[in-house]
Amino acid sequence: MGAKASKIRKRRLDSHGAAQVWAIFYTLIESARLNRVPRAYLNWVVEQIESSGGEIDHATLMPSHCPVGRLDD
């Protein structure tokens, strides 16, 4: 890994809060991968969380709320 990538990673983890966010993000990704969740659905979930600034009712992220076609990709 190059020095530039190492500096970027270090900047991301400078605060405890940032480390928690990345831990949650990677847990979400790995859980989805292990459970064979369609990538399109996972992308939709991440988009919803990002657009809400993290303040979202988690029930709205259930597959039944996902736009038609996003679950089958």
Side-chain angles (χ1 to χ4, degrees):
M1 180 177 346
K4 184 176 180 179
S6 178
K7 286 180 185 179
I8 291 171
R9 181 178 295 137
K10 186 175 180 179
R11 257 188 274 141
R12 285 187 200 152
L13 298 177
D14 280 344
S15 73
H16 181 70
Q20 285 181 320
V21 168
W22 280 101
I24 291 168
F25 179 73
Y26 287 123
T27 300
L28 176 65
I29 299 296
E30 284 303 306
S31 295
R33 185 182 64 81
L34 291 171
N35 289 293
R36 297 186 175 145
V37 172
R39 184 176 292 232
Y41 172 69
L42 182 61
N43 289 342
W44 177 79
V45 168
V46 171
E47 287 169 8
Q48 297 302 304
I49 293 170
E50 188 176 69
S51 69
S52 72
E55 300 295 323
I56 192 165
D57 176 10
H58 295 100
T60 63
L61 300 176
M62 298 303 292
S64 59
H65 294 282
C66 186
V68 175
R70 296 295 299 264
L71 293 175
D72 301 324
D73 294 343

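Here the structure is a predicted model, which means the values were calculated and not measured.
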What distance do [X] atom [atom1] and [Y] atom [atom2] have between them, rounded to the nearest 0.5 Å?
X   : Y   : atom1 : atom2 : value
N43 : C66 : CG    : SG    : 10.0 Å
I56 : S51 : CD1   : OG    : 6.0 Å
I49 : W44 : CD1   : CH2   : 9.5 Å
R33 : R39 : CZ    : CZ    : 10.5 Å

E50 atom CD, neighbour heavy-atom count above 12 within 6.0 Å: no

Single-linkage hydrophobic cluster, 4.5 Å side-chain cutoff, I24 and V46 together: no

Connected via hydrophobic side-chain network under 4.5 Å: L42 and Y26: yes

N35 side-chain N/O to V37 backbone N/O, donor-acceptor pair under 3.5 Å: no

